[in-house]
Amino acid sequence: ELNIQIRAFKINKVWRKDKVSLPDGSFGTKDSLHTDVYKIQNSRLNAPIEFYKEDGTKLPDNARFSTTTVEDFNIYAKVGDLQSDLFQIDVREPFPEKEKKLIPVIFHVLESEGLGETMPRFTHEYLKQKIEEVNGVFRQRALNASNSANPNIEFRLALYAPDGSMLEEEGINRQSTSLEGSAMKPFLVEHSWDPKKYMNIWICLYPPSNKRPNSLLQGREPLAGLGIDTVYTADEPLDLSVPESNGIIFGAYDYRSFGFGVSWAAISKSSFATYLGLLSPGGEDYCSDTYEQEGYTFSYVEGWVKNTLGFLYYPTNVFNNQRVFTAEQVERMHWVLENCPTHWAWKSDFAFTGME
(Lines give C-alpha, C1' and ligand atoms only; values in the text may rest on other atoms or scores of the structure.)
Protein backbone atom coordinates (compact mmCIF):
# COMPACT_ATOMS: atom_id res chain seq x y z
CA GLU A 1 0.00 0.00 0.00
CA LEU A 2 1.28 3.44 -0.95
CA ASN A 3 0.14 6.82 0.30
CA ILE A 4 1.68 9.81 -1.49
CA GLN A 5 1.79 13.26 0.07
CA ILE A 6 2.51 16.39 -1.98
CA ARG A 7 3.43 19.94 -1.08
CA ALA A 8 3.56 22.92 -3.45
CA PHE A 9 5.87 25.88 -2.90
CA LYS A 10 6.19 29.32 -4.47
CA ILE A 11 9.53 31.05 -4.89
CA ASN A 12 9.45 34.81 -4.56
CA LYS A 13 12.50 37.02 -5.20
CA VAL A 14 12.34 40.51 -3.67
CA TRP A 15 14.74 43.39 -3.09
CA ARG A 16 15.06 44.59 0.50
CA LYS A 17 17.14 47.15 2.31
CA ASP A 18 19.49 45.44 4.75
CA LYS A 19 21.27 47.14 7.61
CA VAL A 20 25.07 47.12 7.13
CA SER A 21 28.04 48.45 9.09
CA LEU A 22 30.17 51.14 7.39
CA PRO A 23 33.97 51.56 7.61
CA ASP A 24 33.63 54.56 9.94
CA GLY A 25 31.71 52.48 12.48
CA SER A 26 28.29 53.86 11.63
CA PHE A 27 25.43 51.95 10.01
CA GLY A 28 23.75 52.31 6.65
CA THR A 29 21.52 50.33 4.30
CA LYS A 30 22.17 48.17 1.29
CA ASP A 31 19.78 46.83 -1.34
CA SER A 32 19.92 43.01 -1.40
CA LEU A 33 18.01 40.37 -3.36
CA HIS A 34 16.22 37.90 -1.09
CA THR A 35 14.67 34.59 -2.10
CA ASP A 36 11.59 33.63 -0.09
CA VAL A 37 9.93 30.23 -0.27
CA TYR A 38 6.24 29.95 0.64
CA LYS A 39 4.16 26.81 1.01
CA ILE A 40 0.95 27.03 -1.01
CA GLN A 41 -2.22 25.58 0.47
CA ASN A 42 -3.55 22.86 -1.86
CA SER A 43 -6.96 24.53 -1.84
CA ARG A 44 -5.42 27.62 -3.46
CA LEU A 45 -3.90 25.81 -6.42
CA ASN A 46 -5.46 26.67 -9.77
CA ALA A 47 -5.93 23.00 -10.71
CA PRO A 48 -6.28 19.68 -8.85
CA ILE A 49 -3.18 17.63 -8.03
CA GLU A 50 -2.89 14.53 -10.19
CA PHE A 51 -0.42 11.65 -10.01
CA TYR A 52 0.93 9.56 -12.87
CA LYS A 53 3.31 6.71 -13.45
CA GLU A 54 6.16 7.45 -15.82
CA ASP A 55 4.30 5.63 -18.61
CA GLY A 56 1.36 8.05 -18.25
CA THR A 57 -0.92 5.78 -16.19
CA LYS A 58 -3.01 8.00 -13.92
CA LEU A 59 -3.12 7.05 -10.24
CA PRO A 60 -6.21 7.41 -8.01
CA ASP A 61 -7.13 10.98 -7.09
CA ASN A 62 -6.18 10.46 -3.44
CA ALA A 63 -2.81 9.00 -4.52
CA ARG A 64 -3.43 5.95 -2.36
CA PHE A 65 -3.35 2.57 -4.00
CA SER A 66 -2.33 -1.04 -3.42
CA THR A 67 -0.34 -3.44 -5.54
CA THR A 68 0.53 -7.13 -5.41
CA THR A 69 3.31 -6.79 -7.99
CA VAL A 70 6.92 -6.51 -6.85
CA GLU A 71 8.36 -3.81 -9.07
CA ASP A 72 10.17 -0.49 -9.22
CA PHE A 73 8.50 2.42 -10.98
CA ASN A 74 8.65 6.20 -11.24
CA ILE A 75 5.83 8.63 -10.53
CA TYR A 76 5.29 12.36 -10.96
CA ALA A 77 2.69 14.91 -9.91
CA LYS A 78 0.93 17.47 -12.11
CA VAL A 79 -0.94 20.68 -11.31
CA GLY A 80 -2.27 22.05 -14.57
CA ASP A 81 0.77 22.44 -16.83
CA LEU A 82 3.23 22.26 -13.94
CA GLN A 83 4.90 18.87 -13.56
CA SER A 84 7.19 17.60 -10.79
CA ASP A 85 10.39 15.64 -11.17
CA LEU A 86 10.18 11.85 -11.23
CA PHE A 87 10.30 10.05 -7.92
CA GLN A 88 11.21 6.35 -7.74
CA ILE A 89 9.02 3.91 -5.83
CA ASP A 90 10.45 0.52 -4.83
CA VAL A 91 7.91 -2.24 -4.13
CA ARG A 92 9.34 -5.12 -2.12
CA GLU A 93 8.09 -8.48 -0.95
CA PRO A 94 6.09 -8.29 2.32
CA PHE A 95 8.33 -8.35 5.36
CA PRO A 96 8.16 -11.75 7.13
CA GLU A 97 6.79 -11.55 10.66
CA LYS A 98 9.37 -12.00 13.40
CA GLU A 99 8.89 -14.48 16.23
CA LYS A 100 7.40 -12.68 19.23
CA LYS A 101 9.74 -11.73 22.04
CA LEU A 102 8.18 -11.00 25.46
CA ILE A 103 10.44 -8.88 27.68
CA PRO A 104 9.77 -8.64 31.45
CA VAL A 105 10.25 -5.10 32.78
CA ILE A 106 11.03 -3.85 36.28
CA PHE A 107 10.86 -0.13 37.07
CA HIS A 108 13.27 0.85 39.85
CA VAL A 109 11.68 4.01 41.25
CA LEU A 110 14.49 5.55 43.29
CA GLU A 111 13.25 8.25 45.63
CA SER A 112 15.89 10.76 46.69
CA GLU A 113 15.49 12.69 49.95
CA GLY A 114 12.45 14.94 49.89
CA LEU A 115 10.80 13.18 46.96
CA GLY A 116 8.89 10.62 48.98
CA GLU A 117 5.62 12.51 48.49
CA THR A 118 6.06 13.09 44.77
CA MET A 119 7.61 9.96 43.27
CA PRO A 120 4.56 7.78 44.09
CA ARG A 121 2.85 9.41 41.10
CA PHE A 122 4.75 6.70 39.19
CA THR A 123 2.05 4.20 40.06
CA HIS A 124 1.42 0.78 38.58
CA GLU A 125 -1.46 2.21 36.55
CA TYR A 126 0.69 5.05 35.21
CA LEU A 127 3.64 2.85 34.26
CA LYS A 128 1.40 0.18 32.74
CA GLN A 129 -0.18 2.86 30.55
CA LYS A 130 3.27 4.02 29.42
CA ILE A 131 4.35 0.46 28.64
CA GLU A 132 1.20 -0.08 26.58
CA GLU A 133 2.00 3.08 24.59
CA VAL A 134 5.45 1.67 23.87
CA ASN A 135 3.94 -1.72 22.96
CA GLY A 136 1.67 -0.01 20.46
CA VAL A 137 4.79 1.01 18.53
CA PHE A 138 6.85 -2.16 18.99
CA ARG A 139 3.97 -4.40 17.92
CA GLN A 140 2.91 -2.19 14.97
CA ARG A 141 -0.46 -1.29 16.46
CA ALA A 142 0.11 2.48 16.48
CA LEU A 143 0.64 3.05 12.76
CA ASN A 144 1.00 0.94 9.61
CA ALA A 145 3.16 2.89 7.17
CA SER A 146 4.00 1.66 3.69
CA ASN A 147 7.65 1.00 4.57
CA SER A 148 7.10 -0.30 8.11
CA ALA A 149 7.71 -3.72 9.60
CA ASN A 150 6.40 -5.31 12.79
CA PRO A 151 9.09 -5.87 15.47
CA ASN A 152 6.64 -8.12 17.37
CA ILE A 153 8.31 -7.16 20.65
CA GLU A 154 6.20 -6.82 23.80
CA PHE A 155 7.25 -5.33 27.14
CA ARG A 156 5.33 -6.57 30.20
CA LEU A 157 5.57 -5.58 33.86
CA ALA A 158 7.23 -8.16 36.11
CA LEU A 159 5.20 -9.92 38.82
CA TYR A 160 7.94 -11.46 40.97
CA ALA A 161 11.11 -10.20 42.68
CA PRO A 162 14.48 -12.00 42.38
CA ASP A 163 13.83 -13.90 45.65
CA GLY A 164 10.66 -15.38 44.16
CA SER A 165 8.26 -13.27 46.23
CA MET A 166 5.37 -11.49 44.54
CA LEU A 167 5.90 -7.75 44.08
CA GLU A 168 3.71 -5.45 46.16
CA GLU A 169 3.28 -3.25 43.08
CA GLU A 170 3.34 -4.96 39.71
CA GLY A 171 6.49 -3.98 37.81
CA ILE A 172 7.81 -1.60 40.50
CA ASN A 173 10.74 -1.78 42.92
CA ARG A 174 10.80 1.31 45.15
CA GLN A 175 14.00 2.31 46.94
CA SER A 176 15.06 5.43 48.88
CA THR A 177 18.44 7.15 48.79
CA SER A 178 20.04 10.44 49.79
CA LEU A 179 22.02 10.47 46.53
CA GLU A 180 21.30 12.54 43.43
CA GLY A 181 22.93 13.08 40.05
CA SER A 182 26.09 11.21 39.04
CA ALA A 183 26.71 10.18 42.67
CA MET A 184 23.72 7.86 42.29
CA LYS A 185 25.36 5.56 39.71
CA PRO A 186 26.76 3.05 42.27
CA PHE A 187 23.28 2.89 43.78
CA LEU A 188 21.84 2.04 40.34
CA VAL A 189 24.42 -0.71 39.91
CA GLU A 190 23.65 -2.10 43.38
CA HIS A 191 19.94 -2.21 42.58
CA SER A 192 20.25 -3.85 39.18
CA TRP A 193 18.34 -7.10 38.87
CA ASP A 194 19.65 -9.96 36.74
CA PRO A 195 19.43 -8.74 33.09
CA LYS A 196 18.88 -12.34 32.02
CA LYS A 197 15.57 -12.25 33.92
CA TYR A 198 14.55 -8.57 33.91
CA MET A 199 14.84 -5.52 31.72
CA ASN A 200 15.93 -2.88 34.23
CA ILE A 201 14.44 0.62 33.95
CA TRP A 202 15.41 3.25 36.53
CA ILE A 203 13.46 6.43 37.32
CA CYS A 204 15.67 8.64 39.45
CA LEU A 205 17.48 11.96 39.80
CA TYR A 206 20.30 10.86 37.52
CA PRO A 207 21.29 12.05 34.02
CA PRO A 208 19.61 9.67 31.51
CA SER A 209 22.72 9.08 29.39
CA ASN A 210 21.46 5.88 27.79
CA LYS A 211 23.85 3.99 25.53
CA ARG A 212 23.63 1.24 22.97
CA PRO A 213 24.25 -2.37 24.06
CA ASN A 214 27.95 -3.15 24.54
CA SER A 215 28.00 -6.91 25.18
CA LEU A 216 28.36 -9.80 22.73
CA LEU A 217 27.98 -13.56 22.86
CA GLN A 218 31.29 -15.33 22.29
CA GLY A 219 31.76 -16.46 18.70
CA ARG A 220 29.41 -13.88 17.16
CA GLU A 221 30.57 -11.11 14.85
CA PRO A 222 29.92 -7.56 16.15
CA LEU A 223 27.10 -5.56 14.60
CA ALA A 224 28.08 -2.28 12.96
CA GLY A 225 27.55 0.72 15.22
CA LEU A 226 27.59 -1.13 18.54
CA GLY A 227 30.53 -0.45 20.83
CA ILE A 228 31.21 -4.00 22.04
CA ASP A 229 33.24 -3.83 25.27
CA THR A 230 32.63 -7.29 26.76
CA VAL A 231 32.37 -10.77 25.24
CA TYR A 232 30.51 -13.39 27.30
CA THR A 233 29.92 -17.09 27.14
CA ALA A 234 26.28 -18.15 27.45
CA ASP A 235 26.50 -18.96 31.19
CA GLU A 236 28.98 -16.32 32.32
CA PRO A 237 27.94 -13.78 35.02
CA LEU A 238 27.24 -10.34 33.58
CA ASP A 239 29.03 -7.10 34.39
CA LEU A 240 26.37 -4.75 35.83
CA SER A 241 28.64 -1.71 36.21
CA VAL A 242 27.27 0.09 33.12
CA PRO A 243 23.51 0.49 33.75
CA GLU A 244 23.29 2.90 30.78
CA SER A 245 24.04 -0.02 28.43
CA ASN A 246 22.28 -2.82 30.34
CA GLY A 247 18.94 -1.04 30.82
CA ILE A 248 17.22 2.34 30.49
CA ILE A 249 17.58 5.35 32.79
CA PHE A 250 14.81 7.95 32.82
CA GLY A 251 15.79 11.10 34.68
CA ALA A 252 13.06 12.31 37.02
CA TYR A 253 12.63 16.07 36.83
CA ASP A 254 12.34 17.56 40.31
CA TYR A 255 10.05 20.60 40.41
CA ARG A 256 10.17 21.18 44.17
CA SER A 257 12.20 24.37 43.74
CA PHE A 258 9.46 25.78 41.49
CA GLY A 259 6.78 25.12 44.07
CA PHE A 260 4.92 22.51 41.99
CA GLY A 261 5.66 19.59 44.30
CA VAL A 262 5.78 16.96 41.55
CA SER A 263 8.35 14.90 39.69
CA TRP A 264 8.07 13.79 36.09
CA ALA A 265 10.04 11.56 33.69
CA ALA A 266 9.80 11.38 29.90
CA ILE A 267 9.28 7.66 29.26
CA SER A 268 10.05 7.75 25.56
CA LYS A 269 9.85 5.00 22.96
CA SER A 270 13.12 6.22 21.46
CA SER A 271 14.94 5.16 24.65
CA PHE A 272 13.60 1.63 24.15
CA ALA A 273 14.89 1.78 20.56
CA THR A 274 18.34 2.83 21.81
CA TYR A 275 18.28 -0.05 24.30
CA LEU A 276 17.65 -2.38 21.34
CA GLY A 277 20.56 -1.02 19.32
CA LEU A 278 18.99 1.49 16.92
CA LEU A 279 20.84 4.67 15.98
CA SER A 280 19.59 8.21 15.66
CA PRO A 281 19.11 9.37 12.03
CA GLY A 282 20.94 12.56 12.93
CA GLY A 283 24.24 10.67 12.81
CA GLU A 284 25.63 7.70 10.93
CA ASP A 285 22.88 5.17 10.24
CA TYR A 286 23.67 1.53 9.59
CA CYS A 287 20.22 0.65 8.18
CA SER A 288 20.09 1.19 4.43
CA ASP A 289 16.29 1.56 4.43
CA THR A 290 16.35 4.64 6.68
CA TYR A 291 17.55 8.10 5.70
CA GLU A 292 20.32 9.87 7.54
CA GLN A 293 18.89 13.20 8.64
CA GLU A 294 20.90 16.36 8.03
CA GLY A 295 20.13 17.47 11.55
CA TYR A 296 17.45 20.13 11.39
CA THR A 297 13.73 20.27 10.90
CA PHE A 298 12.45 22.02 7.79
CA SER A 299 8.94 22.44 9.15
CA TYR A 300 8.47 21.93 12.87
CA VAL A 301 4.68 21.89 12.55
CA GLU A 302 4.51 19.28 9.79
CA GLY A 303 7.67 17.39 10.71
CA TRP A 304 9.41 17.59 7.32
CA VAL A 305 13.19 17.21 7.46
CA LYS A 306 16.02 17.28 4.94
CA ASN A 307 18.33 14.33 4.42
CA THR A 308 22.03 14.40 3.55
CA LEU A 309 21.19 14.12 -0.15
CA GLY A 310 19.43 17.48 0.09
CA PHE A 311 15.76 16.62 -0.43
CA LEU A 312 12.84 16.84 1.95
CA TYR A 313 11.09 13.81 3.36
CA TYR A 314 8.60 12.99 6.09
CA PRO A 315 10.44 10.67 8.49
CA THR A 316 8.85 7.56 9.93
CA ASN A 317 11.84 6.83 12.15
CA VAL A 318 11.06 6.33 15.84
CA PHE A 319 13.73 8.89 16.74
CA ASN A 320 11.77 11.57 14.87
CA ASN A 321 8.88 11.04 17.30
CA GLN A 322 7.21 8.73 14.82
CA ARG A 323 5.71 5.32 15.42
CA VAL A 324 7.09 2.80 12.93
CA PHE A 325 10.21 0.75 12.20
CA THR A 326 11.76 -0.29 8.90
CA ALA A 327 12.58 -3.92 8.06
CA GLU A 328 16.30 -3.49 8.71
CA GLN A 329 15.63 -1.76 12.03
CA VAL A 330 13.52 -4.75 13.07
CA GLU A 331 16.30 -7.15 12.04
CA ARG A 332 18.79 -5.07 14.04
CA MET A 333 16.69 -5.11 17.22
CA HIS A 334 16.19 -8.87 17.06
CA TRP A 335 19.93 -9.36 16.42
CA VAL A 336 20.63 -7.49 19.68
CA LEU A 337 18.13 -9.61 21.60
CA GLU A 338 19.69 -12.80 20.23
CA ASN A 339 23.37 -11.89 20.52
CA CYS A 340 23.77 -9.53 23.52
CA PRO A 341 23.60 -11.51 26.81
CA THR A 342 22.74 -8.34 28.78
CA HIS A 343 19.46 -8.29 26.78
CA TRP A 344 18.35 -11.88 27.35
CA ALA A 345 15.48 -11.24 29.77
CA TRP A 346 13.06 -12.44 27.07
CA LYS A 347 14.53 -15.94 27.40
CA SER A 348 13.26 -16.31 30.98
CA ASP A 349 9.72 -16.33 32.43
CA PHE A 350 10.98 -16.12 36.04
CA ALA A 351 9.64 -12.54 36.39
CA PHE A 352 6.14 -13.87 35.59
CA THR A 353 6.20 -17.16 37.54
CA GLY A 354 8.75 -16.69 40.36
CA MET A 355 10.21 -20.10 39.49
CA GLU A 356 13.36 -21.15 37.67
Side-chain angles (χ1 to χ4, degrees), residues 2-54 59 61-63 74-90 145-147 207-209 225 251 253 255 257-258 266 268 270-271 273-274 278-324 326:
L2 177 67
N3 184 18
I4 304 169
Q5 298 187 43
I6 184 99
R7 293 292 184 271
F9 297 88
K10 179 181 179 181
I11 298 175
N12 189 33
K13 295 183 180 293
V14 295
W15 287 91
R16 297 196 186 106
K17 290 187 180 295
D18 292 334
K19 185 178 180 180
V20 295
S21 59
L22 300 176
D24 62 1
S26 62
F27 293 93
T29 60
K30 175 185 176 182
D31 289 332
S32 301
L33 182 62
H34 291 257
T35 301
D36 297 327
V37 180
Y38 302 96
K39 192 187 83 168
I40 304 172
Q41 296 295 330
N42 291 353
S43 60
R44 302 192 64 180
L45 297 173
N46 57 13
I49 301 174
E50 297 178 329
F51 297 89
Y52 295 86
K53 286 189 176 182
E54 187 176 14
L59 302 182
D61 289 339
N62 62 0
N74 295 321
I75 63 169
Y76 61 88
K78 285 189 68 175
V79 180
D81 296 329
L82 185 63
Q83 181 173 316
S84 74
D85 293 333
L86 290 171
F87 185 82
Q88 181 171 312
I89 304 295
D90 302 327
S146 59
N147 195 39
S209 54
Y253 296 87
Y255 291 121
S257 59
F258 296 96
S268 64
S270 60
S271 295
T274 299
L278 296 192
L279 310 179
S280 169
E284 188 173 4
D285 198 328
Y286 294 86
C287 295
S288 64
D289 56 359
T290 65
Y291 286 126
E292 183 182 344
Q293 186 177 322
E294 194 171 57
Y296 66 89
T297 300
F298 182 80
S299 170
Y300 180 80
V301 175
E302 293 189 342
W304 293 90
V305 297
K306 185 178 289 187
N307 75 352
T308 51
L309 300 177
F311 65 80
L312 298 175
Y313 72 101
Y314 183 69
T316 54
N317 191 299
V318 68
F319 290 99
N320 296 93
N321 200 31
Q322 301 303 318
R323 296 167 291 169
V324 297
T326 65

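Every value quoted in this text rests on a predicted model; they were computed, and no experiment measured them. Atom set for the values below is all heavy atoms of this structure, side chains included, hydrogens, waters and symmetry mates excluded.
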How close do Asp36 and Val14 get, counting heavy atoms only, and between which atoms? OD2-CG2, 3.8 Å

Can I get a per-line list of side-chain donor-acceptor pairs under 3.5 Å for residues 74-89, giving both atom names and the distance, sequence neighbours left out?
unit_1: Asn74; atom_1: ND2; unit_2: Glu54; atom_2: OE1; d: 3.0
unit_1: Ser84; atom_1: OG; unit_2: Ala77; atom_2: N; d: 2.9
unit_1: Gln88; atom_1: NE2; unit_2: Asp90; atom_2: OD1; d: 2.7

Is it the case that atom CD1 in Ile11 sees more than 12 heavy atoms from other parts of the structure closer than 6.0 Å? no

Minimal non-hydrogen separation, Leu279 against Gly225, with atom names: CD2-O, 4.2 Å

